[in-house]
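Data first, discussion second: the structure below is written as structure tokens.
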Amino acid sequence: ADVSQFSTVCKGTAPAPGPSPGPSPSPGGSKCIADQHGPACSSDSDCTQYDSCIRCAGSGYCTCVDETTGQCAAAAATSAAQLSSA
């Protein structure tokens, strides 16, 4: 239909915008990645079920960063595996 016939053909005015999307899931999703929030948590035990997550950070999100090294444990494990296979 021609744009000028929109209200006749479509029986009404322009469609209302759809509902706004809800909050997006945390960037890390169900795993921990260096420099990104992992899944939301309230204790360390909330995080052990997710890949690469080792603890619940003060931000309330799981993290792979080891407090003693300041490094993502997953990245350290990957680096070690690459070094040992070289």
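Please read these numbers as outputs of a predicted model, since none were measured by experiment. Nothing fancy with the numbering, it's 1 onward along the sequence.
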Margin query: How close do Gly38 and Tyr61 get, counting heavy atoms only, and between which atoms?
Written below: O-CD2, 3.2 Å

Next item on the list: Give the minimum heavy-atom separation between Ile54 and Cys64, together with the two atoms involved.
Entry: CD1-O, 3.5 Å

Next item on the list: Scan residues 34-57 for pairs that pass salt bridge (charged side-chain N to carboxylate O under 4.0 Å, His left out), counting only residues two or more places apart or in two chains.
Entry: Arg55-Glu67

Note to self: Tell me the closest heavy-atom pair linking Ser52 and Cys32, and the distance in Å.
What the structure shows: CB-O, 3.5 Å

Check: Any chance the SGs on Cys62 and Cys47 are under 2.5 Å from each other?
Finding: yes

Checklist line | Nearest-0.5 Å distance, CD of residue Gln36 to NZ of residue Lys31 | finding: 9.5 Å

Checklist line | Shortest non-hydrogen separation from Asp66 to Thr68 and the atoms involved | finding: OD1-OG1, 2.5 Å

